[in-house]
Amino acid sequence: EVQLVESGGGSVQAGGSLRLSCTASGFTFDDSDMGWYRRTPRNECELVSTISSDGSTFYADSVKGRFTVTQDSVKNTVYLQMNSLKPEDTAVYYCAAEMVWIGMLTSCPRPEFGYWGQGTQVTVSS
């Protein structure tokens with residue numbers, strides 16, 4: 001059974017930082033692309049970042065230069081370091097794996113596209 005367990009969300013003031021973690025099990029982590037989506041209060045679901053099995057990364061324009069995705073294959077864990085947070089980063093953040101990566105979804109999570117974690121809330125106040 002595939003499991004993606006997230007942690008690290010919370011509330012922070014604008015300009016602050018948070019680090020999200022996602023620990024995976026039930027599939028071969030080293031062979032898989034991992035990523036993060038977020039669902040905003042307007043229910044838009046945006047692809048935030050991905051990291052491929054070869055280490056290549058993708059970032060949405062909205063987070064470039066502020067967010068960094070990394071992975072630890074020993075711990076089967078992917079991280080999202082979020083710096084210089086803005087109120088518009090407020091969302092539920094979902095870890096995802098084995099996905100059809102689509103930049104913007106009308107809703108999420110969407111199990112038909114891959115595996116999702118349970119989501120973790122990030123709230124940034126101004």
Side-chain angles (χ1 to χ4, degrees):
E1 178 189 7
V2 172
Q3 284 195 317
L4 301 172
V5 180
E6 298 133 339
S7 61
S11 297
V12 65
Q13 289 193 324
S17 298
L18 286 172
R19 189 178 79 156
L20 306 183
S21 301
C22 171
T23 300
S25 61
F27 61 96
T28 305
F29 184 86
D30 288 348
D31 293 341
S32 299
D33 298 344
M34 304 286 294
W36 294 89
Y37 276 90
R38 64 185 180 188
R39 189 181 74 229
T40 70
R42 298 183 303 278
N43 266 332
E44 297 167 334
C45 191
E46 177 187 21
L47 177 59
V48 175
S49 180
T50 65
I51 183 164
S52 300
S53 56
D54 65 1
S56 57
T57 58
F58 160 83
Y59 297 97
D61 288 344
S62 56
V63 307
K64 274 181 185 175
R66 301 187 297 122
F67 289 13
T68 304
V69 62
T70 57
Q71 61 187 358
D72 183 335
S73 60
V74 174
K75 295 181 178 180
N76 281 9
T77 299
V78 61
Y79 303 96
L80 186 67
Q81 178 67 43
M82 306 185 295
N83 298 330
S84 303
L85 283 161
K86 305 175 181 180
E88 51 264 43
D89 295 317
T90 294
V92 178
Y93 284 72
Y94 294 93
C95 177
E98 305 276 289
M99 284 287 296
V100 177
W101 301 107
I102 299 173
M104 188 70 74
L105 298 171
T106 55
S107 65
C108 61
R110 299 283 295 273
E112 66 268 37
F113 292 137
Y115 298 112
W116 298 76
Q118 80 282 5
T120 185
Q121 176 71 47
V122 171
T123 303
V124 184
S125 58
S126 56

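From a predicted model like this one, the values you see are computed outputs, not experimental measurements.
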- prompt: Do NZ/NE/NH1/NH2 and the carboxylate oxygens of Lys64 and Asp61 come within less than 4.0 Å?
  reply: yes
Which atom of Ser52 lies closest to which atom of Gln71, heavy atoms considered: O-NE2, 3.4 Å
- request: Would you check if Thr90 and Arg38 make a side-chain contact, meaning some heavy-atom pair closer than 4.5 Å?
  value: no
query: Closest approach of Glu44 and Met104, non-hydrogen atoms and distance?
result: CB-SD, 4.3 Å
- prompt: What heavy-atom pair brings Val48 and Val63 nearest, and what distance separates the two atoms?
  reply: O-CG2, 3.8 Å
message: Rounded at 0.5 Å granularity, tell me how far CG in Asn76 sits from OG1 in Thr28.
response: 9.0 Å
- request: Over all heavy atoms of both residues, which pair between Trp116 and Cys108 is shortest? Give the atoms and the distance, please.
  value: CH2-CB, 3.7 Å
message: To the nearest 0.5 Å, what is the distance between CG on Leu80 and OG1 on Thr68?
response: 8.0 Å
task: Give a yes or no on whether the backbone of Phe58 and the side-chain of Ser49 come within a donor-acceptor separation of less than 3.5 Å.
output: yes
query: Does one hydrophobic cluster hold both Val92 and Met99, with members joined at side-chain heavy-atom distances below 4.5 Å?
result: yes
- request: Could you tell me whether a side-chain N or O of Thr40 sits under 3.5 Å from a main-chain N or O of Ala91, the two making a donor and an acceptor?
  value: no
- prompt: side chain to side chain contact (heavy atoms under 4.5 Å, CB included) between Phe29 and Met34: does it pass, once the steps are laid out?
  reply: CA-CA 9 Å; Phe29 184 86; Met34 304 286 294; 4.0 Å; yes
- request: Kindly work out whether a path of hydrophobic side-chain contacts (I/L/V/M/F/W/Y, heavy atoms less than 4.5 Å apart) joins Tyr79 to Trp36.
  value: no
- prompt: Do you know the tightest heavy-atom contact between Ile51 and Val69?
  reply: CG2-CG2, 3.9 Å
Donor-acceptor pairs under 3.5 angstrom involving side-chain atoms of residues 14-23: please list them, not counting sequence neighbours.
unit_1: Ser17; atom_1: OG; unit_2: Asn83; atom_2: OD1; d: 2.9
unit_1: Thr23; atom_1: OG1; unit_2: Thr77; atom_2: OG1; d: 3.0

query: So how far is it from Phe67 CZ to Ser84 OG, rounded to the nearest 0.5 Å?
result: 9.0 Å
- request: Output yes when a side-chain donor or acceptor of Glu6 lies under 3.5 Å from a complementary backbone atom of Gln118, and no otherwise.
  value: yes
message: Same cluster or not: Tyr59 versus Met82, using hydrophobic residues (I, L, V, M, F, W, Y) connected whenever any side-chain heavy atoms lie under 4.5 Å apart?
response: yes
- prompt: Is there a donor-acceptor contact under 3.5 Å from the side chain of Glu98 to the main chain of Tyr115?
  reply: no
query: Ser125 and Pro87: which non-hydrogen atoms are nearest, and at how many Å?
result: C-CG, 4.5 Å
- prompt: Taking Tyr37 for the side chain and Trp101 for the main chain, is one N or O donor matched with an acceptor at less than 3.5 Å?
  reply: no
query: Which is it for Arg66 and Asp89 under the side chain to side chain contact (heavy atoms under 4.5 Å, CB included) test, yes or no, and what are the steps along the way?
result: CA-CA 11 Å; Arg66 301 187 297 122; Asp89 295 317; 2.7 Å; yes
field: Minimum side-chain heavy-atom gap Leu4-Tyr94 below 4.5 Å
entry: no
Side chain to side chain contact (heavy atoms under 4.5 Å, CB included) evaluation trace for Leu85 with Gln13: CA-CA 8 Å; Leu85 283 161; Gln13 289 193 324; over 6 Å; no
